[in-house]
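Counting starts at 1 for both ligands and their atoms, in listed order.
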Amino acid sequence: MPMPAIDPSLIPEDMRPMIHALCATSIRLSGIIARGPLAGKLGAGVGENSDGDQQKALDVMADEMFEAALKGTGVKYYASEEQEEVLTLDDGGRYALATDPLDGSSNIDVNVTIGTIFSIFEAADDASASFLRPARDQICAGYIAYGPQTLMAITFGSGTMLFVLEPETGEFVPVEKAMKLPEAAKEFSINASNRRHWTQPVLAYVEENERGKDGSKGKDMNFRWVGSLVAETHRILTRGGTFLYPSDARQGYENGRLRMVYEVAPMAFLVEQAGGKATDGVKPIMDLTAEELHERRPFVFGSSEEVDRIAELHG
Ligand code: F6P
């Protein structure tokens with residue numbers, strides 16, 4: 001396999017083929033995304049995933065590309081948002097990899113940042129035991145953001161590193177060895193169109209932010225909502241802030257919208273490793289265990305002062 005799409009010395013030895021496959025595939029995907037409509041109808045609806053979410057052509061394409069590329073790289077179990085069941089890629093593999101191969105699909109056709117999220121565990125005896133375990137058992141997590149730059153944030157449990165793709169050489173170049181999320185925040189993110197469905201603590205937090213300087217917070221807070229978890233996470237890791245996708249009163253949103261195994265847990269790992277916090281409103285995400293592969297979890301993360309305040313409001 002041609003090396004390196006990333007400097008191998010920064011990756012634990014056993015994981016190099018797998019991480020290299022992730023990087024090489026994301027570089028190909030980034031080329032397709034950059035061509036947009038010239039590469040086909042990437043945002044066209046092509047079906048539904050197991051949970052009734054609409055699948056776009058690029059969701060399915062990305063899933064097929066990662067699945068194919070990860071064969072023979074040490075991945076025993078492959079779980080994807082786009083597939084109902086876990087696949088066994090390599091019986092002798094050491095790892096279990098879960099992914100949202102293309103996050104933020106509503107932004108495909110509008111040239112806004114979208115991404116890939118992945119979470120890696122040591123494989124256990126069977127697929128369920130590999131993925132349905134405490135988030136703290138993850139040994140690696142990361143995202144790739146396809147935006148003005150293609151970049152990757154990744155953690156192996158000792159800090160969160162940031163790489164930017166150098167398009168001239170096709171290599172992810174390290175730009176930060178240890179990202180540090182500011183403790184205080186000036187921005188918050190929540191889908192405000194759901195306001196009438198929110199719980200009281202969530203409403204109280206947002207109203208506190210809206211009162212800004214004139215309220216108990218004593219400072220103004222800016223509001224941001226991109227609609228791509230990867231873009232939102234990257235902004236928050238870079239300059240602080242909070243993100244909330246809480247449970248709300250809509251049918252089907254009892255546990256929010258985001259998936260524990262391949263969205264919430266990996267982002268929580270990256271955020272914690274950068275000095276931030278991630279909870280379901282009450283408990284740290286890293287202490288939680290998924291009971292089903294595609295289950296949803298309320299998700300609150302970001303600057304520690306803000307996440308603590310949200311937890312306080314939840315009592
Ligand atoms: O994967 C789900 C996702 O697209 C996230 O990337 C994003 O944060 C969220 O859903 C957007 O939700 P909504 O459609 O409610 O704005």
Among all protein heavy atoms in this structure, tell me which lies nearest to atom 4 (O) of ligand 1, with the distance rounded to 0.1 Å. Gly227 O, 3.7 Å
Parallel under 30°, tilted from 30 to 60°, perpendicular over 60°: which one fits the rings of Phe243 and Trp225? parallel
Candidates Thr88, Thr99, Asp63 - the one meeting side-chain hydrogen bond (donor to acceptor under 3.5 Å, both in side chains) with Tyr78: Asp63
Distance to 0.1 Å, residue and atom name: give those for the protein heavy atom nearest to atom 15 (O) of ligand 1. Tyr245 OH, 2.6 Å
For ligand 1, note which part of Leu258 has a heavy atom under 4.0 Å away: side chain, backbone, both or neither. side chain
The closest protein heavy-atom partner of atom 2 (C) of ligand 1 is Arg257 NE, 3.5 Å
Are Glu210 and Arg195 close enough for a salt bridge, meaning some N to O gap below 4.0 Å? yes
With heavy atoms only and a cut-off of under 4.0 Å, state how Arg259 meets ligand 1: side chain, backbone, both or neither. neither
Heavy-atom distances under 4.0 Å are what count here, so tell me which part of Asn191 touches ligand 1: side chain, backbone, both or neither. side chain
Quick check: does Asp103 get an N/O under 3.5 Å from an N/O on ligand 1? yes
The side-chain contact (heavy atoms from CB on, under 4.5 Å) partner of Val230 among Glu263, Met267, Arg235 is Met267
Answer yes or no: is there a side-chain heavy-atom contact under 4.5 Å between Asp90 and Lys71? no
Contact between ligand 1 and Glu263 is defined here as a heavy atom of the residue under 4.0 Å from a ligand atom; is it met? yes
Could you check atom 8 (O) of ligand 1 against the protein and tell me its nearest heavy-atom contact, residue, atom and distance included? Leu229 N, 3.5 Å
Ring centroid separation Phe118 to Tyr262 under 6.0 Å: no
Is any side-chain heavy atom of Tyr143 closer than 4.5 Å to a side-chain heavy atom of Asp103? no
Ring geometry between Tyr245 and Tyr253 (parallel below 30°, tilted from 30 to 60°, perpendicular above 60°): parallel
In ligand 1, which numbered atoms sit nearer than 4.0 Å to a non-hydrogen atom of Ser228? 6 (O)
Test item, Glu232 contacting ligand 1 (heavy atom, 4.0 angstrom): no
